[in-house]
Amino acid sequence: MDTGDTAWVLTSAALVLLMTPGLALFYGGMVRSKSVLNMMMMSFSSLALIGVIWVLYGYSLSFGNDLGGGLLGDPTDFWGLKGLMSPDALVFTVPSLAFVAFQSVFAIITVALISGAIADRARFGPWLLFSWIWATIVYFPVCHWVFDFNGSTGTDFVGGWIANNLKAIDFAGGTAVHINAGAAGLALALVLGKRKGFGKEAMRPHNLTLVMIGAGLLWFGWFGFNAGSALGANTLAAVTWMNTLSATAAAALGWLLLEKIRDGKPTSLGAASGIVAGLVAITPSCSSVSPIGALIIGFLAGIFCALAVGLKYKFGYDDSLDVVGVHLIGGIWGTLSVGLLATASAPAAVDGLFYGGGVDQLWRQAVGAGAVLAFSFIVTLVIGFAIEKSIGFRISEEEEVEGIDGVEHAESAYDFTGSGGGSGFASGHLAAATAPTQEGVNA
Amino acid sequence: MDTGDTAWVLTSAALVLLMTPGLALFYGGMVRSKSVLNMMMMSFSSLALIGVIWVLYGYSLSFGNDLGGGLLGDPTDFWGLKGLMSPDALVFTVPSLAFVAFQSVFAIITVALISGAIADRARFGPWLLFSWIWATIVYFPVCHWVFDFNGSTGTDFVGGWIANNLKAIDFAGGTAVHINAGAAGLALALVLGKRKGFGKEAMRPHNLTLVMIGAGLLWFGWFGFNAGSALGANTLAAVTWMNTLSATAAAALGWLLLEKIRDGKPTSLGAASGIVAGLVAITPSCSSVSPIGALIIGFLAGIFCALAVGLKYKFGYDDSLDVVGVHLIGGIWGTLSVGLLATASAPAAVDGLFYGGGVDQLWRQAVGAGAVLAFSFIVTLVIGFAIEKSIGFRISEEEEVEGIDGVEHAESAYDFTGSGGGSGFASGHLAAATAPTQEGVNA
Amino acid sequence: MDTGDTAWVLTSAALVLLMTPGLALFYGGMVRSKSVLNMMMMSFSSLALIGVIWVLYGYSLSFGNDLGGGLLGDPTDFWGLKGLMSPDALVFTVPSLAFVAFQSVFAIITVALISGAIADRARFGPWLLFSWIWATIVYFPVCHWVFDFNGSTGTDFVGGWIANNLKAIDFAGGTAVHINAGAAGLALALVLGKRKGFGKEAMRPHNLTLVMIGAGLLWFGWFGFNAGSALGANTLAAVTWMNTLSATAAAALGWLLLEKIRDGKPTSLGAASGIVAGLVAITPSCSSVSPIGALIIGFLAGIFCALAVGLKYKFGYDDSLDVVGVHLIGGIWGTLSVGLLATASAPAAVDGLFYGGGVDQLWRQAVGAGAVLAFSFIVTLVIGFAIEKSIGFRISEEEEVEGIDGVEHAESAYDFTGSGGGSGFASGHLAAATAPTQEGVNA
Amino acid sequence: MKLVTAVIKPHKWEDVREALETFGVTGMTVSEVSGYGRQKGHTEVYRGAEYDIALVPKIRIEIVVDNDDADDVVGIIVKTAQTGRIGDGKVWVSPVETVVRVRTGDRDEAAL
Amino acid sequence: MKLVTAVIKPHKWEDVREALETFGVTGMTVSEVSGYGRQKGHTEVYRGAEYDIALVPKIRIEIVVDNDDADDVVGIIVKTAQTGRIGDGKVWVSPVETVVRVRTGDRDEAAL
Amino acid sequence: MKLVTAVIKPHKWEDVREALETFGVTGMTVSEVSGYGRQKGHTEVYRGAEYDIALVPKIRIEIVVDNDDADDVVGIIVKTAQTGRIGDGKVWVSPVETVVRVRTGDRDEAAL
Ligand SMILES: Nc1ncnc2c1ncn2[C@@H]1O[C@H](COP(=O)(O)OP(=O)(O)O)[C@@H](O)[C@H]1O
Ligand SMILES: Nc1ncnc2c1ncn2[C@@H]1O[C@H](COP(=O)(O)OP(=O)(O)O)[C@@H](O)[C@H]1O
Ligand SMILES: Nc1ncnc2c1ncn2[C@@H]1O[C@H](COP(=O)(O)OP(=O)(O)O)[C@@H](O)[C@H]1O
């Protein structure tokens, strides 16, 4: 065990945890004020629910010894994380539970990412059910495919097919996280259908300062996501850190430039979106390209995603907060970019097409991306329709008009009147306190 | 000295520092818009005031060599942190000042936690005075009892009674931080009395997005709080990190479930509250239970605290933001849970009641919890009444109606009108700039 | 390479990155609601633009081998960060790219700091142009002067004149960052002139909760800024961490005390401002003073800066968010304080005037501060006027009245109406989606 | 001249605006208000404490019109804003003695 | 029909609402406004710069009533909202020619 | 008594307030409203989707005045709020039957 590596992995795990509240803000600021709490709750509930099932069986499905074909980990290996508190339990140079921790927050945020596609209209209970099923039959397997390396905990340990057989390079999750969530988002947007007023009415962001805070926290946390995936504090971590900065900065520039040219003005939502697009694109590729390669990947990610967010109007699916435009498109581009811009001088030591490596790596990347995309899209469609047809997934049109925060959570996000306390304009009054104490209130 | 351990402790100290602004947001979002600044100022002033006295004498009172009976550290040992800049000054494997730093932010947040009980009505000056006295005669001693271990800086070093004589396990501060602050909050709520309109008027949270940001930052920072308490980057840190995730996720689920059953809807305030409840409960126990144990502790913490927040209406004390319901109850449950669910396979290597360890650890836990509760409650009552009777602690009823932000700070939190600059609806105009420059304004 | 040191530097780099979004909030909350997005964009654009040019040539200009006289690094050395991915490329005990990363975020925030002086009135395009030029001909050279040490990457490596010849102590950037940005801010405020209504109309902060979040994130990140500058996880890092806490806490107290005495009430804006003032002042001095020295530096920084923010009304320059009052004055005081309060018992091992060291260090500090101040002020004036006279820097008076967010970014920050979705009071309606998809909208 | 004041459901605002525009109303003044009436508010829950929110968000429209147009304008609003469910709102007409366009100083009919 | 417009102190709103309900007023329209008058605003301080906030928050209530009820309604509001301190507000009565319930198209007395 | 209602550009509010104060108006009630008229709103862009914001922020002032003062007050507002550009707003005058000062119960002239 190396204390420096462990310090970095534990820090990174905390950084990645923060990304989910960051995402909640990023998404929450983009919806209307009557839906911000529900939007944030879809992320926060992922922290709660996926956190629990990860401990119970998720880690074991993802990182247990392979059951065969590189398709799934053995759920009995680490059920309830058993045996992992021992000082001897290591993954590479860090305690096993540090690795468990780091991977837990990946599972959490992947589920949360999907929710952006179905803003304002998904019932909360069915969303929880969906999250549970999706994590279990989509994320945990895909995580095993992509992130579970042969030999990680001992020489005879066998992992997943994309990492070990296909040998696609997906350093921190272009496929497992972003294509996966993006494809699922598209499927759910199709299942749930358009919001009332989509394409006609103003559904502009209600609070762009939240979006900016969210983008800032996401970027911050993403250093843990990418550089933490080095699982140690070393040159690899430093390279991925710096590539993460380079690509993200360039992507923000790219998005702003496109806006300036196309729409006349560069916007703050564009800057925030460009940041996320760059982060997505560099996620799979940060270990295999140079900082200059990262600049190119990022800049083009900004352009591509800024163009892609318009697709929903063209094709008429209501991917409310552009999970497809940013995560699916950005994830595909980032995954493929490894095949194009990888350079043998980077830690992954592979040459892509433009560095004379031919198409060998490129096809591996394409197969990995395509497999995850197809698997996630199809299975999500099935889960989504099953829920919609059985218990119903979507709130009614009237409830949509009223606002999902009140309907699903009996809350409203803001009250800026100077209310109550014998002062101000009381927008309401206390009707009853928690059941057992009803008397107290009237006392 | 170990650089990896030091990196982790320094990182953790920064994480814990961030918890106090996080708390300011968590609390600030829950009050009405006319009191949010005062609420935040009670946390920020703790950063300022306790930060200063910690350097001057707080660390020494807490971690100086024991003056006798494990009751108090020697204030002359490290007055002004003297002698601790030397490269030879170590606590276990880290530089002394890294440990001083880590512990400083514990003192700061404990004081800040109390303020939630007295929202909207405490004069700011008396609050500062209270903080000063309370930290000095309550927190620093209790910190010594609980966190100061024999032998930490050398073989003949003697620490506090709870840690070394009673041998209660309070890994990161269930007693020293949460029961301590919770009991003090209850006492202060009694001293200050109810807000005008308590139990009748609407005093609903004015900005739940702030509450959610706050909860996110608290969770993030809490990994430093708990896993940082390992004082190194090792298996113990990894176990406590993962237990912190498990319990918190389960607690959020527990709170939401209770709400769903009792009130019909799971709320975002419930999710945020459940998070904090879980974090509180796992704080003392994270080193001594398994991840499954952590799930149980967390889930029950969510249920218990969700039930406990109603008590104030039953008994009629105005614990405005539920410091009692969350920190006192959560802290007691977490501290006792060690006696129940500790397992020898965890780093603390103790078996609790349910793991065949009998009641040995349980009574130690109960005595520790009870001692801190009683000490804190009684001394706080005395300090509180002394201040109330001498200089007055509470603002007048009219000031309460007007709003404490204006009364105590001459500010208001928000101005969303498009004001000033020759544009917008100027809600006011500049009357005078800082005294020496009065001329300039009229120039 | 040391993994512990690397873990700390990578963590610190991420912490410092977060400071720029933190600054965006701190500044953004202080302007009126019609300018908050533009204010934040000036910080976010710095993340984008300076991030890119740092990779391309900024690092090399700053940390390339000296071209002569300690004035500038060789731009050809590390153009595009070439050669730095190699495992052999080290700066002291950490991978070169970890150091590159850490320094990149310094460049970014220094540029962002300037923007506070020109709130509400700078056209966005010219601001980008200014940032680019200023970073290139002011920041990179000054960074080389102050932060580039002889021998950092090998025995024959030669760095900048302030660090190596003058031997002024500027541990984390009192001159290179704060005096530099502060002087530039003053120059730009003079170039752009006063806002319409300056000194007469109300231009009060539109959202103080954002200011507080920002201050909290800044403090958090600043531990990376200062303690990360140790470039390792060691006693030096621990000392600077703790001094950063001490000074900041004392500065907040100092500012609040001054307000209480002068204005009658301590304010939350004062607390936030005091925090930043303390952080600025301890930045150059944290390695050379004791925690008690830090308390003194911080407390006086709080007083000095609280007095200095009034100067703009006296002298009639519109330094909108007090970059001069806080960063220039705080930076000068902090830099000089080394000459006064440095103690040989601190890691820098130098005695200042009050510790019997005479004026030797004091004059070095004064020369360093003066050189950077003069250079930055003059060159910024030239750049600023050149832009103003050529393409124009300032928006028109009518646009100022309308609000710069709409004018420059076609956005508005908040929409709290319950708008759209067939519900609420639609403040507008969707007119057209991105060009290629126009059909889709009308479909 | 008459002042027509209408209090309607927020999501009907856009329809009402369009209908009035078609009719030829060129200007109006709009504000967000809270309504109290037969339509009850809703309940919110915070940490188990239930709050009755008595007021319902409404949009208030003020239109100064020619005497002759008043009835038509009222009719259009009533027709367009009607959902048939409780809470649709009220429209009332009151006399106006004079109206001036600030920009030009024009009065009455010329000011609209 | 009459329109009673009342501008009162915000913390009196709940009392006024209750008193009017007891009297039999079933509906009203409420908004948050700013008042300017004898009651002066307050002063805020930001970084040493003092701002005079000239305006005071008030609640504005509009009630359309039968001619006969107007005086009673005014009386109830004045009585309930009175604190005796400067800034209690004003109530005024103006004529209304017709009022319509949007939901049903009912007019005048039937519309209330 | 008359009620003068003025809808003006927000940045003229401070000037109007001063001018009215100089004339001797001691009280008024002010609110933030949205205007719809010849002056068109603006366009915002979010992720390439353009939104037409139809409404323009305005300030609405209500002043109850003596019959004799009404014309002067209207004149002052028109003069002070005028910029000559589209969107300067409207001022209208309507009859008020009675006005009461809540604090004292004073009526009409005495209530202002
Ligand atoms: N007497 C009244 N004076 C002024 N506004 C009223 C009055 N009665 C109702 N309103 C307004 O009309 C709205 C709708 O009234 P309500 O009684 O809920 O339904 P309905 O008009 O369908 O019977 C209320 O929310 C309120 O804003
Ligand atoms: N002439 C007026 N026209 C309209 N509203 C007025 C008028 N005078 C006062 N008001 C409103 O009444 C409120 C109270 O008036 P003020 O002069 O402060 O106290 P008081 O009514 O007790 O003398 C003001 O804040 C304003 O909203
Ligand atoms: N008929 C009307 N009734 C009520 N308010 C009106 C009317 N016409 C215009 N307004 C108000 O006056 C404002 C200015 O009107 P507009 O037509 O834009 O410019 P102008 O008055 O200069 O011709 C509008 O924004 C609206 O608030």
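Chain naming here is simple, since letters A, B, ... match the order of the sequence lines and numbering starts at 1 in each. Values below: all heavy atoms of this structure, side chains included; hydrogens, waters and symmetry mates excluded.
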Arg394(A) meets the salt bridge (charged side-chain N to carboxylate O under 4.0 Å, His left out) criterion, sequence neighbours left out, with Glu400(A)

What pair of heavy atoms forms the shortest contact from [X] to [Y], and how long is it?
X	Y	result
Ala249(A)	Ala48(C)	CB-O, 3.2 Å
Met85(C)	Val239(A)	SD-CG1, 3.7 Å
Gly4(A)	Thr3(C)	CA-OG1, 3.3 Å
Phe44(C)	Met212(A)	CZ-O, 3.5 Å
Pro95(C)	Ala238(A)	CB-CB, 3.8 Å
Trp241(A)	Ala14(C)	CZ2-N, 3.4 Å

Can you tell me which portion of [X] sits under 4.5 Å from chain C's heavy atoms? Options are side chain, backbone, both or neither.
X	answer
Thr11(A)	side chain
Leu256(A)	side chain
Ile275(A)	side chain
Asn207(A)	both
Leu245(A)	side chain
Ala227(A)	neither

Please round to the nearest 0.5 Å and tell me the distance separating atom [atom1] of [X] and atom [atom2] of [Y].
X	Y	atom1	atom2	value
Leu47(C)	Thr248(A)	CG	OG1	9.5 Å
Leu208(A)	Tyr414(C)	CG	OH	9.5 Å
Ser268(A)	Met41(C)	OG	CE	6.0 Å
Met40(C)	Thr209(A)	CE	OG1	6.0 Å
Ser246(A)	Leu81(C)	OG	CG	6.5 Å
Leu10(C)	Met242(A)	CG	CE	11.5 Å

[X] versus chain A, heavy atoms under 4.5 Å apart: side chain, backbone, both or neither?
X	answer
Val105(C)	side chain
Ala98(C)	both
Ile213(C)	side chain
Val100(C)	both
Ala233(C)	neither
Leu25(C)	side chain
Trp8(C)	neither
Leu17(C)	side chain

Any idea which of [options] has the most non-hydrogen atom pairs under 4.5 angstrom with chain C?
options	value
Pro266(A), Ala215(A), Ser412(A)	Pro266(A)
Ala413(A), Gly232(A), Gly216(A)	Gly216(A)
Phe223(A), Phe299(A), Trp219(A)	Trp219(A)

Ranked by heavy-atom pairs below 4.5 Å to chain A, first place among Leu49(C), Val36(C), Ile50(C), Leu128(C) goes to Leu49(C)

Most heavy-atom pairs under 4.5 Å with chain A, out of Ala101(C), Gly51(C), Pro21(C), belong to Ala101(C)

- Item | Arg204(A) and Asp415(C) ion-paired at < 4.0 Å | yes

Quick note, side chain to side chain donor-acceptor pair (under 3.5 Å) partners involving residues 86-98 of chain C, not counting sequence neighbours, are Asp5(C)-Thr93(C)

For a 4.5 angstrom cut-off between non-hydrogen side-chain atoms, does Leu18(C) reach Leu217(A)? yes

- Task: Check whether any side-chain heavy atom of Val52(C) sits under 4.5 Å from a side-chain heavy atom of Leu295(A), and report yes or no.
- Result: yes

> Does Glu408(C) reach the main-chain N or O of Lys265(A) with its side chain, forming a donor-acceptor pair under 3.5 Å?
Replying inline: no

Subject >> Evaluation steps, side-chain contact (heavy atoms from CB on, under 4.5 Å), between Thr235(A) and Leu97(C) >> reply: CA-CA 8 Å; Thr235(A) 300; Leu97(C) 283 179; over 6 Å; no

